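Keep in mind that what you see is a predicted model, and the values were worked out from it rather than measured. Chain identifiers are assigned alphabetically (A, B, ...) following the order of the sequence lines, protein sequences preceding nucleic acid strands; residue numbering begins at 1 within each chain.
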There are 2 protein chains.
Amino acid sequence: MALRRTRKKTADKSAYHHGDLRQALLDASLALIAEEGFGALSLREVARRAGVTHAAPYRHFADKEALLVAVAEEGFRAMTSRMKEEMAREQSPIDRLGACGVAYVLFAVEHAAHFRVMFGPHFTRPLKSLDEDADAFALLVGALAEAQRAGEVRDGDTSRQALACWSLVHGLASLLVDGQLTPEAVAGGVAALARTQTLLLLRGLARPPVD
Amino acid sequence: MALRRTRKKTADKSAYHHGDLRQALLDASLALIAEEGFGALSLREVARRAGVTHAAPYRHFADKEALLVAVAEEGFRAMTSRMKEEMAREQSPIDRLGACGVAYVLFAVEHAAHFRVMFGPHFTRPLKSLDEDADAFALLVGALAEAQRAGEVRDGDTSRQALACWSLVHGLASLLVDGQLTPEAVAGGVAALARTQTLLLLRGLARPPVD
DNA sequence: CCTACCGATCGGTAGG
DNA sequence: CCTACCGATCGGTAGG
């Protein structure tokens, strides 16, 4: 009888030996979404993957939405820091702008599950107090203002310019994550693709009147 | 007793008096997604809304995914025809290009449920034989080639240019549909916003070297 | 297109 | 953090 009382799943749990169930649940959620799709996400399955009973998650999250909010927050934080990293490598304002966009697309593709939670229509509440979100956009607006001052970007409403940048990279990221692009389009790699597309926006498609 | 045998829901069903349950199920799916979100979509609830038993839909769709494929097909058809309509109104190639993008965004916002099904990660199969999908992209590539010939758009790979256009309008549409934009950004109306953003891509953000 | 039924999963809570 | 339980919903099928 005593033998049967030996703790099971010690190996699994040891990864979270600090008792950080909360983080284990976030990780399990992402793995589940990545493997089975968003529709497969349930608190019970997440608990199962984390090696606890299905009642345990309620100690950390009030409900499913609260868990998703935490996942989204984690995602926005990671994405913003990724963008900052890549931008810090560049010297000129316009290169920082490009790096910012490439980082956005790369993050989305490399963390598709995070990306889906961050931007999916999952939340009933505005998800307002997420400073990380505004942060990323503010980062972009700042880079544009800097580029304008340096004479590398046209004068104009930086908010509207930022929205164009955001739309382009968000659209490209979404199409990639949702598998809408042909293999040929992605053949050269995501980074190169993102760079090319960003440059098309910076340069513009219209032929300059002065031929 | 005979009184109790009177047909119920005759009024509801009369809208589909031709017995077009298939279409009724598609409509019910869209209404359900629009009202309750994608997560609320179940074959049983769709059947309920269409006024039939939950076993009836299987006469028309093998499973949930088959229903969604049909919804997506309907969406791609409607979107492509909307784009063609709006483009037909314009005289110059570059205006047709702009109209094409504005139509894309307007369709997405006005038919958010369709848009979500069309581009969501819901299908296990590639959804290949959807000519409508390719059609819309071909429409865009054609408009770009035409604009290049007219000297209104820079020479270059029309596929890459088309991807930039698609990314921008798809990103803007996604951000709008998923409620990521502030009310101020949308204050002037979706059509005006889409037009402005499209023009930013055509014109480019980078300052022309000749100041 | 319906009735009746299957096994399975879910969110959530009581009580410890 | 667990056991045990609740009501509810689901996808799918048999058989008519």
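- Distance check, rounded to the nearest 0.5 Å: CZ of B:R203 to CG of A:L205 gives 13.0 Å.
- Atom CD of A:E35 has more than 12 heavy atoms from other residues, nucleotides or ligands within 6.0 Å.
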At under 4.0 Å between heavy atoms, how does the protein contact nucleotides 5-16 of chain C? Give one character per nucleotide, 5' to 3', with B, S or -. B----BBBB---
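- Taking the side chain as every heavy atom from C-beta outward, B:R195 and B:V190 never approach each other to under 4.5 Å.
- Salt bridge present: A:E45 and A:R49 bring a charged side-chain N and a carboxylate O closer than 4.0 Å.
- Between A:R89 and A:D95 there is no salt bridge, since none of the side-chain N atoms of the basic residue sits less than 4.0 Å from a carboxylate O of the acidic one.
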Go through it in stages, so that I can follow the logic: the residues are A:D157 and A:Q161, the test is side-chain hydrogen bond (donor to acceptor under 3.5 Å, both in side chains), and I'd like the CA-CA distance, side-chain angles, deciding distance and then a yes or no. CA-CA 6 Å; A:D157 184 338; A:Q161 291 181 339; over 6 Å; no
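- The shortest distance between side-chain heavy atoms of B:M118 and B:F107 falls below 4.5 Å.
- Rounded to a whole Å, the CG atom of B:L21 is 9 Å from the C1' atom of C:dC1.
- The ring-ring contact (aromatic ring centres under 6.0 Å, His included) search around A:F115 returns A:F119, A:H170, not counting sequence neighbours.
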Pairs under 3.5 Å (Watson-Crick or G-U), crossing ones as [ ], inter-strand ones as |: DNA chain D comes out as ||||||||||||||||
